[in-house]
Structure formats: C-alpha cells, structure tokens
Amino acid sequence: AYLGALADPQSDRTAEALNYIQNFYELDLTGIEAPDTTDTTVEPVRDDPAEEESEGSFGKVLLWGVIILVLLGASGGAVYYLSNREQEKSIEDDTSLSSYLSEQFGNNEIEEPGKPAARSDAPLNQWMTTYVKGDDLFDDSFSIDSPTGEFLGECGVGIADMIGVGDPKKVSAFEVWLFDKNDIQTVTKVLMSNHLFEDDHSRNRLAAKGEPILAEVGQELALETATLQMNVRVVDISFGQSALPDNSYFDRITLELTVWEK
C-alpha cells in the first residue's frame, strides 16, 4: 500500500509512506519532502472578452470594407462601359443622320459656317449684274419692291477702289450694298481682288466702307437689314493682264443678287 502511495505522487498517504520506510529501514530521509499535492495546473489566461469582441468587430469591418471596394470597382467599370457605349452609339447615330441628309438633300443643303442660310421661300427680287473693264462709270442699282408694288428699299454694286493709272480704270474692288427703308443705315461689303486683299494697308483702308471679302468664283455673302436679307453670289471672275501684279484688278466679274423679305 505504501509502495502504491509512493508510485502516486498525488496520493494523500505519500508523507505517511515516507515516514514508515524511514523507520523500517532506519534511513535518513531528511530533506525529502512529499510532493505538494496542491493542484498547480496553470489555467490558460483568457483574453479580455471586450478585446475579443473588438477584434471580431474589426475583422468584420475589414471584410465588409473589402467587399464594398470590390462592389464599387465593379460598379465603376460598368458605368464606364455603359458611358462609352452611349457615346459610340451617339456618334453612330450622328453619322447615320448625316449620311441620310446627304442622300436625301445632297451635300449642297448642308450649311457651312460663313455662308448665307439657304431659303426655300421665293425671293422678292433677283438680278444679275456684270462689270467689264472699260465701264469706268459702272454703278448698278435696283429697286426692291413687295409683290404688291410697295417700295421696300434698294440694293446695288459699284466701283470701290482702283489700282494704277491711265484709262481704262483698273478696278480692284467693288462695294455691294443694301438699303432698307425701315432701317437707319445701309449695309455694305467690299469684294476685293487677291492682290488688294493680301495687302494689309489697302484692306484696312477699305474696311471703313464695309467688311472686306476676297472675291472668288462661287463665293457667297449675306447682307441683312431690319426687314430685308440679300444674298450675293460671285458667278464669274477674270483678272486683267499687264505690268501690274497678278490678280490685282478685274477684267470682268458677274454677280447674282437675290433679296428676301424677313
């Protein structure tokens, strides 16, 4: 029994067994103490529940943050894709519309910046006027009347500037004008030869008469007053040949004047 007690250090009879053996065998067991039977099992230190809860909450927040970032990235990609698709579709639609208008009405119906707006209604009046070198007193004017014969205004073309000396005069610019009885001023534009238009001094000098315009075949310009609109189209041009610079004066020019009531 004592041997069993010694075999089990946790037995309550360990101290008694050591005393018995000492007396029986006359041994000196001083210094040998019975093992402490006190339960020395070390309990694991538990973390503060508040800290565990805090760590769990942080983990959840981090997880949700990652999920939200992924969703935002996917949403941004979707918006970018849809936006590009809408822009491409808009361009395709504009291209299709432009092609359709070109097929239906022809390229001439597409307005270009600086050109008079095309009108479908019948004009009040339309004239053709031609200057030929040698007509030193060239000054064509026309009365603008309503369909009932009412006087509305006047328009015309006259010599604005010349170059060189001698006869016949070498005309380098024409003034085109529009008078409206219901307006206080006459609108004027100046058609110039290439040489005159490229000369800054001459162009600025004539700008006092009206807006400088380079005369070219097919050139169109618009003059507007309070109640009238006039379109002027350059039908034909030829320049004189002499010792003067090339394209500096007109040998011949034909203009078409068309007037509408606004």
Side-chain angles (χ1 to χ4, degrees), residues 111-119 123-144 152-242 244-260 262:
E111 301 287 344
E112 292 184 13
K115 283 194 174 184
R119 299 188 56 158
L124 289 174
N125 305 104
Q126 188 173 48
W127 304 274
M128 297 283 285
T129 180
T130 299
Y131 161 82
V132 179
K133 185 179 68 173
D135 187 358
D136 295 345
L137 301 178
F138 176 77
D139 187 9
D140 257 351
S141 61
F142 309 94
S143 176
I144 303 172
L152 301 177
E154 286 184 310
C155 64
V157 183
I159 295 174
D161 198 45
M162 295 166 289
I163 189 173
V165 294
D167 294 324
K169 295 179 180 179
K170 299 171 181 60
V171 178
S172 57
F174 295 91
E175 56 181 6
V176 183
W177 53 273
L178 174 64
F179 165 73
D180 183 346
K181 73 169 188 177
N182 296 307
D183 206 335
I184 60 174
Q185 64 180 3
T186 298
V187 179
T188 303
K189 295 191 178 184
V190 181
L191 283 170
M192 301 181 176
S193 67
N194 298 61
H195 174 74
L196 191 67
F197 186 80
E198 292 172 0
D199 182 71
D200 292 340
H201 176 73
S202 298
R203 187 175 65 251
N204 293 335
R205 174 173 55 83
L206 289 175
K209 293 187 176 183
E211 179 186 356
I213 304 291
L214 175 63
E216 298 178 297
V217 175
Q219 173 74 36
E220 294 185 32
L221 53 148
L223 291 80
E224 292 191 24
T225 59
T227 62
L228 299 173
Q229 175 185 330
M230 181 171 74
N231 288 359
V232 179
R233 182 171 66 91
V234 180
V235 179
D236 183 50
I237 290 178
S238 63
F239 292 99
Q241 303 293 325
S242 68
L244 293 171
D246 293 340
N247 300 333
S248 58
Y249 66 95
F250 296 93
D251 187 66
R252 180 187 180 93
I253 185 171
T254 300
L255 304 177
E256 179 187 67
L257 283 63
T258 308
V259 178
W260 288 267
K262 293 173 67 175

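Since this is a predicted model, take the numbers as computed values, not measurements. All values below come from the heavy atoms of this structure, side chains included, with hydrogens, waters and symmetry mates left out.
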Which atom names give the shortest non-hydrogen contact between [X] and [Y], and what distance separates them?
X    : Y    : result
A160 : K209 : O-NZ, 2.9 Å
N182 : A226 : O-CB, 3.9 Å
P168 : K133 : CG-CG, 4.1 Å
T225 : L178 : CG2-CD2, 3.8 Å
L206 : A173 : CD1-CB, 4.0 Å
F142 : G156 : CD1-CA, 4.5 Å

Got a second to check how far [X]'s [atom1] is from [Y]'s [atom2], nearest 0.5 Å?
X    : Y    : atom1 : atom2 : answer
Q126 : N231 : CD    : CG    : 10.0 Å
W127 : S143 : CH2   : OG    : 7.5 Å
T258 : R233 : OG1   : CZ    : 8.0 Å
N247 : S238 : CG    : OG    : 10.5 Å
L214 : L221 : CG    : CG    : 11.5 Å

Hey, can you pull the donor-acceptor pairs under 3.5 Å for the side chains in residues 193-201, sequence neighbours left out?
residue, atom, partner, partner atom, Å
S193, OG, L196, N, 3.4
S193, OG, S248, O, 2.9
D199, OD2, S202, N, 2.8
D199, OD2, S202, OG, 2.6
D200, OD1, R203, NH1, 3.3
D200, OD1, R203, NH2, 2.8

Practice prompt. Verify side-chain contact (heavy atoms from CB on, under 4.5 Å) between F138 and V157, making sure each step is shown before the conclusion.
Written response: CA-CA 8 Å; F138 176 77; V157 183; 3.9 Å; yes
Worksheet item: Is a side-chain N or O of K169 found less than 3.5 angstrom from the main chain of L137, in a donor-acceptor match?
Response: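 Not at all, since once roles are kept as given, no pair shorter than 3.5 Å links the two residues.
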Worksheet item: Is the distance between the ring centroids of F174 and Y131 under 6.0 Å?
Response: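 Ring centres of Y131 and F174 closer than 6.0 Å.
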Practice prompt. Check whether the ring centres of F250 and F239 lie less than 6.0 Å apart, and answer yes or no.
Written response: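 Under 6.0 Å, so yes.
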Worksheet item: Checking side-chain contact (heavy atoms from CB on, under 4.5 Å) for the pair I213/V176: CA distance, chi angles, key distance, verdict?
Response: CA-CA 10 Å; I213 304 291; V176 183; over 6 Å; no
Item to complete: Would you please test M162 and K170 for side-chain contact (heavy atoms from CB on, under 4.5 Å) and show each step?
Response: CA-CA 5 Å; M162 295 166 289; K170 299 171 181 60; 5.7 Å; no
Given side chains that start at C-beta, do those of [X] and [Y] come closer than 4.5 Å, heavy atoms only?
X    : Y    : value
R252 : T130 : yes
V259 : L257 : no
F179 : I144 : no
D140 : L255 : no

Item to complete: Only pairs at least two apart or in different chains count here, so list each salt bridge (Lys or Arg N to Asp or Glu O under 4.0 Å) that has a residue in residues 175-191.
Response: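 Qualifying pairs: E150-K181, K189-E211.
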Worksheet item: Quick one: salt bridge (Lys or Arg N to Asp or Glu O under 4.0 Å) partners of E216, sequence neighbours excluded?
Response: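 Expected list: none.
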Item to complete: For the pair R205 and D161, find out whether any cationic side-chain nitrogen is under 4.0 Å from an anionic carboxylate oxygen.
Response: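 Salt bridge flag = yes for D161 with R205.
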